[in-house]
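What follows is a single structure, written as structure tokens, with notes after it.
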Amino acid sequence: MPELPEVETVRASLAHALIGQRLETIELRRSDLRFPFPERFVERLSGRAVKAVTRRAKYLRIHLDSDEILVVHLGMTGRFILAPFEAGVPIAGRGEIVGTYTHESGRLPQHDHVVLRTSGGTVVTYNDPRRFGYMLLLDAATIESHAVFRLLGVEPLGPGLEASALSERAAGRRTDLKAFLMDQRNIAGLGNIYVCEALFRASLSPKRKARTLAGRGGCPNDRSVRLLVAIREVLEEAVAAGGSTLRDYRKPDGSSGAFQERHDVYDREGERCRRPDCSGTIRRMTQAGRSTFYCPSCQK
DNA sequence: ACTGTACCCTGTAGGC
DNA sequence: TGCCTACAGGGTACAG
């Protein structure tokens, strides 16, 4: 679910709630998500202060005063929920008393896998029905060489995204442009929604071969420049709107993102193309096992 | 090297 | 109402 704009929105909320606070209690409700939780997870988090909350690609990084970094990937349905702490009411049948975050039924809320309380009085809950998310605890000094970060491509909203970098990586590649952009080693942080939207804005077909982004000798061409501008614009607008809420995604305060209102193609199969000079209809097809939405008449 | 498929897991929507 | 299928913002392990 969450792509760069959604993860960035979560990051900002967590930063506000966590920076300068200590993690006072941690309740772990199961031993694994997609992968097992790190060894001695609760012990290594307990009492730690949060120095910073950053993002790389779709990964959240919570920097602790122990010089370890809690890395969280939200997978498809992972989300954080922030709620004020009200003392004295247990939320679980076992473990520690952390707050009043209870379900109306009186049972544990479904899929709340990690619940922690900060010294600032906030209860932070990680909820993830499909459990495709995961958490790691890594040494700050060596984090960039860890397997999940080492091969990641350029950050699209940072200074590293230039048409030349895109074109060089695309040169000679026979893979579909859609798949090329979904590959986190080429550009980090795009997912199904924003790849579809960026290709539409750049008027490029998702079926086009990636190598057509490169001119002679792997140089940028007008297509790669157009695409780069489109990627930046769509991500910046989506971040400003708090991301896209289609099904599961929520901002940590429980509210929805707004960018889904501005999707030109994603989830608009059968509807009219929004380009004023185009009379096409948005189509859906499958590429690499995922839905691609596009306008066949103006994306070439 | 590169590409496509299956799979991890749960929930929901739509057809019958 | 239920039962069945298809599908979902991600990533990885395979087979070819």
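Within every chain, numbering begins at 1; the chains are lettered A, B, ... in the order of the sequence lines, protein sequences first and strands thereafter. Any value given below was found using the heavy atoms of this structure, including those in side chains, with hydrogens, waters and symmetry copies removed.
For the pair R79(A) CZ and dG10(C) P, the computed distance is 17 Å after rounding to whole Å. Rounded to whole Å, the distance from CD on Q287(A) to P on dT3(B) is 13 Å. The CG-P distance, from D128(A) to dG10(C), rounds to 13 Å in whole Å. For M76(A) and dG11(B), the CE to P distance is 15 Å, given to the nearest whole Å. One atom, CZ of R211(A), and another, C1' of dA1(B), lie 15 Å apart when rounded to the nearest Å. Atom OH in Y194(A) sits roughly 16 Å away from atom P in dA8(C) (whole-Å rounding). Regarding D183(A), its CG atom lies at a distance of 15 Å from the P atom of dA1(B), rounded to whole Å. Residue F149(A) contributes atom CZ, which lies 16 Å from atom C1' of dT12(C) at whole-angstrom precision.
Ion pairing between D32(A) and R34(A) fails under the 4.0 Å rule for side-chain N and carboxylate O. Ionic pairing of D67(A) and K51(A) is present here: one or more N-O contacts between side-chain nitrogen and carboxylate oxygen are shorter than 4.0 angstrom.
Judged purely by atom type and a 3.5 angstrom limit, R22(A) uses its side chain to pair as donor or acceptor with the backbone of G47(A).
Judged by the 6.0 Å distance and 45° axis criteria, R61(A) is positioned over the aromatic ring of F149(A).
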So what is the 5' to 3' dot-bracket string for DNA chain B, if pairs are Watson-Crick or G-U wobble with both distances under 3.5 Å, crossing pairs use [ ] and | means the partner sits on another strand? .|||||||.|||||||
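Nucleotides dA1(B) and dG11(C), compared at atom P, are 23 Å apart to the nearest Å. Spacing of P atoms, dC9(B) relative to dC14(C), comes out at 16 Å, to the nearest Å.
The 5' end of DNA chain C is approached more closely, in terms of each residue's nearest nucleotide, by F293(A) than by the other of Y134(A) and F293(A).
Contact annotation: R173(A) side-chain N/O to dT3(B) OP1/OP2 distance is under 4.0 Å. Side-chain N/O atoms of Q184(A) include one lying less than 4.0 angstrom from OP1 or OP2 on dG11(C). Close to dA8(C), at under 4.0 Å from its OP1 or OP2, lies a side-chain N or O of S291(A).
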For each nucleotide in nucleotides 4-10 of chain B, reading 5' to 3', give B when a protein heavy atom comes within less than 4.0 Å of its base, S when such contact involves only the sugar-phosphate, and - otherwise. ----BBB
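When the shell of 6.0 Å around NE2 of H16(A) is examined, it contains 12 or fewer heavy atoms from other residues, nucleotides or ligands. Around the CZ atom of R232(A), the shell of radius 6.0 Å holds more than 12 heavy atoms that belong to other residues, nucleotides or ligands. Within 6.0 Å of CZ in R283(A) there are 12 or fewer heavy atoms belonging to other residues, nucleotides or ligands.
Side-chain contact check for R284(A) and S291(A): at least one donor-acceptor pair (N or O, by modelled atom type) lies under 3.5 Å.
Side-chain contact between Y134(A) and Y59(A): present, with at least one pair of heavy atoms (C-beta onward) separated by less than 4.5 Å.
Counting non-hydrogen atoms under 4.0 angstrom, R284(A) reaches the backbone sugars and phosphates but no base.
The ring-ring contact (aromatic ring centres under 6.0 Å, His included) search around F132(A) returns none, not counting sequence neighbours.
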